[in-house]
Amino acid sequence: MTGATRVLVLNSGSSSVKYQLIDMADGARLGSGLVERIGGGEVPDHTAALDLVAEQLAANGTGLDSPALAAVGHRVVHGGTRFTAPTLITDEVLQAVRELVPLAPLHNPANITGIETTRKLRPDLPQVAVFDTAFHATLPESAARYAIDTATADRYSVRRYGFHGTSHQYVSRRAAQLLGKSPESVNVIVLHLGNGASAAAVAGGVCVDTSMGLTPLEGLVMGTRSGDLDPAVLLHLHRVGGLSVDEIDDLLNRRSGLAGLCGDNDMREVTRRLDQGDPQAKLAFDIYVHRLRKYVGGYYAVLGRVDAVVFTAGVGENAVPVRAAAMAGLEALGIELDPARNSARSREPRLVSREGSRVAVAVVPTDEELEIARQTFSLVSDLG
Ligand code: ADP
């Protein structure tokens, strides 16, 4: 290495590109930004979006040509069963990520374009893919497999991959730190509740179960996604309702969850309406919390011993009533929330359980960008 300590983290989504420039020497954020509405008039495609990112960085005096830049870390949504760790991007790796497109048709193509464009701009710069699925590669077969015909499942790569892995990894490790323990010595349940939402059971730093599956549709009730349902619902909607596959896809991914139940996908709005006595919002909130509690109970049993339940992401970090309702009445499980701590506003990792609660309840703000930067930098430093 040549003393280059900066990592550019790129998150190329289907219609936006988010970036952060982080100096790993001291963790300083040297720049961040967002290019939105890709596909619209001003930003026709991802190449144009990446050009804009490069321009913004250059205007900030931290251009892509800076010798201080050590690497680019790309968030890549689906790594399949092949990618279980951060990976230096080569032609061969890029091809393998392309082959995974059928498993993540919305996400992987955008990630690939982000990688290709950055490689064109700086061909000599190491680029690293950090996969959203990687942290879940440790799921035992008992948790990863669906109970369907094995040959059919294998032919179509049907299994539970899990997502939000970078967040679950960061948050579970940070929670151990908050408890003053090593990650290897604690069992935690992480509840990543953003617009998308997932739970993870992490035993001694190793993920043993998670609520998202083949795609990010399984599991918890989300902003616009249904989460778990009887798979026969799809058959029924198709056979009896005459809905096409694309219509069902749209229903379950975009017109379900909180939005489908009460018209609002934003938890701030749902709880505001709840406070005003809106019955639809109350039902949506209750269904959301009921599902969450089922996962907490389920993962408690999976882990056997739980040291902490950890809330993160937009809803988990901010929605006091969601945490209160999710943890209510669980004293027999050793979970005792402290109402005053739960209501206190903070951006710091913190305990919100009572002193002496056998199971700690914590809020740990997630930082996927920092985790991607850390994994990227660690990989290129080892190469160096
Ligand atoms: P994403 O999943 O898109 O990365 P975030 O983790 O930022 O999103 O979470 C976004 C969601 O967090 C919003 O849709 C909203 O429901 C919720 N949220 C953000 N701030 C608050 C708040 N103060 N109170 C309740 N919910 C909030």
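Numbering of ligands and ligand atoms starts at 1, following listing order.
If you take NE2 on His192 and OG1 on Thr166, they are separated by 10.0 Å, rounding to the nearest 0.5 Å. Separation of atoms OG1 (Thr118) and CG (Leu8) is listed at 7.5 Å; rounding is to 0.5 Å.
Each of the atoms 12 (O), 16 (O), 17 (C) of ligand 1 lies under 4.0 Å from some heavy atom of Val315. Close approach of ligand 1 to Ala313 (heavy-atom distance below 4.0 Å) involves ligand atoms 6 (O). Near Gly196, meaning under 4.0 Å from any of its heavy atoms, are these atoms of ligand 1: 2 (O).
In terms of polar-atom proximity, defined here as any N/O pair under 3.5 Å, Asp266 does make such a contact with ligand 1. Annotation: Ala319 places no N or O atom under 3.5 Å from an N or O atom of ligand 1; distance criterion only. At under 3.5 Å, not a single nitrogen or oxygen of His192, backbone or side chain, sits near a nitrogen or oxygen of ligand 1.
Of the protein's heavy atoms, Met267 N, 2.7 Å lies nearest to atom 16 (O) of ligand 1. Shortest contact from atom 10 (C) of ligand 1 to any protein heavy atom: Asn195 N, 3.8 Å. Counting only heavy atoms of the protein, atom 23 (N) of ligand 1 lies nearest to Asn318 CB, 3.3 Å. At the top of the distance list for atom 24 (N) of ligand 1, counting protein heavy atoms only, stands Arg268 CG, 3.3 Å. The nearest heavy-atom contact from the protein to atom 6 (O) of ligand 1 is Gly314 N, 3.0 Å.
For the pair Asp278 and Arg273, the salt-bridge criterion is met [side-chain N within less than 4.0 Å of a carboxylate O]. Using a 4.0 Å cut-off between charged side-chain N and carboxylate O, Asp286 and Arg293 make no salt bridge.
The side chain to side chain donor-acceptor pair (under 3.5 Å) test applied to Glu331 returns no partner, not counting sequence neighbours.
Judged by distance alone, the side chains of Tyr146 and Glu218 do bring a donor and an acceptor atom under 3.5 Å apart.
For atom 4 (O) of ligand 1, no protein non-hydrogen atom is found at a distance below 4.0 Å.
The stretch residues 93-103 participates, sequence neighbours left out, in these salt bridge (charged side-chain N to carboxylate O under 4.0 Å, His left out) pairs: Arg98-Glu116.
Side chain of Arg254 to backbone of Arg225: no donor-acceptor contact under 3.5 angstrom is found.
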